[in-house]
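Whatever order the structure lists ligands and atoms in, that order sets their numbers, starting from 1.
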Amino acid sequence: MDDTQLRSGTCELPTVEDTIALGARLGAQLRCGDVVVLSGPLGAGKTALTKGIAVGMDVEGPVTSPTFVLARVHRARRPDRPALVHVDVYRLLEHTGSDLLAELDSLDLDTDLDDAVVVVEWGEGLAERLAERHLDITVQRRPDSDARTATWQWSQG
Ligand SMILES: Nc1ncnc2c1ncn2[C@@H]1O[C@H](COP(=O)(O)OP(=O)(O)OP(=O)(O)O)[C@@H](O)[C@H]1O
Ligand SMILES: [Mg+2]
């Protein structure tokens, strides 16, 4: 069994290509209504991982940093597959500091969140506030190399 199918795991990521590949493996398993919370410092590779998730989900690209928009919708290339909603939570929660999914709903994203996978960057501390099932991924970096370590865990529920 592919270890990304486990409830939790950890992975060494020597290069950005490895990070994208991990995202693709995780992304291939995501279903409508799933929420992914990405934590880790500036430049850790959260957007790189999201690029991989987009590959695994087979949605339209390109995935870029959502810093200057609140959320970006990437449509599925295949019919009846979930869209990817990519969110920069710091920007979003500037407005309310409250419930993420309710706030996203209020943006009129032109996609039904029940039919999408929501990927949130900078979700530290947010995971605890999400009631529904979600996948938490933390990316860590070292000062002396390009290598990253990713740890992922599905919440209960
Ligand atoms: N092993 C690696 N995994 C991921 N990215 C890597 C790796 N090695 C080098 N990089 C580089 O590190 C950078 C990661 O940037 P990225 O935008 O994905 O980070 P981020 O966590 O989204 O940052 P931000 O907090 O600004 O949103 C990219 O330029 C990427 O090429
Ligand atoms: Mg980013």
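- Screening V119, I20, T19 for a side chain to side chain contact (heavy atoms under 4.5 Å, CB included) with L49, the sole residue that qualifies is T19.
- Contact annotation for T15 and ligand 1: only backbone heavy atoms (N, CA, C, O) come within less than 4.0 Å of the ligand.
- Backbone and side-chain nitrogen or oxygen atoms of A44 are examined, and one is located within less than 3.5 angstrom of a nitrogen or oxygen of ligand 1.
- Without hydrogens or angle criteria, R25 side chain to G56 main chain gives no donor-acceptor distance under 3.5 Å.
- For the pair R148 (side chain) and L13 (backbone), a donor-acceptor distance under 3.5 Å is absent.
- In terms of heavy atoms, A76 sits closest to P82 at CB-O, 3.6 Å.
- Taking a cutoff of 4.0 Å between a charged side-chain nitrogen and a carboxylate oxygen, E12 and R142 qualify as a salt bridge.
- Under a 4.0 Å criterion applied to the non-hydrogen atoms of P14, ligand 1 contributes the atoms 1 (N).
- Of all atoms in ligand 1, numbered sequentially from 1 with element shown, those under 4.0 Å from a heavy atom of A48 are 18 (O).
- From L26, atom CG reaches atom CH2 of W152 across 6.0 Å, with rounding to the nearest 0.5 Å.
- In terms of polar-atom proximity, defined here as any N/O pair under 3.5 Å, S65 makes no such contact with ligand 1.
- Residue contacts with ligand 1 include L13, since one or more of its heavy atoms lies under 4.0 Å from the ligand.
- Residues V73 and A83 come closest through the heavy atom pair CG1-CB, 4.2 Å.
- At a 4.0 Å heavy-atom cut-off, ligand 1 touches V16 through backbone and side chain alike.
- Residue G43 places a heavy atom less than 4.0 Å from ligand 1.
- E121 contributes atom OE1 as its closest N/O/S atom to the Mg ion (ligand 2).
- Between the side chain of H74 and the backbone N or O of V59, no donor-acceptor pair lies under 3.5 Å.
- At least one N/O/S atom of T47, whether from backbone or side chain, sits less than 2.8 Å from the Mg ion (ligand 2).
- Of all atoms in ligand 1, listed by their number and element, those nearer than 4.0 Å to a heavy atom of P41 are 21 (O).
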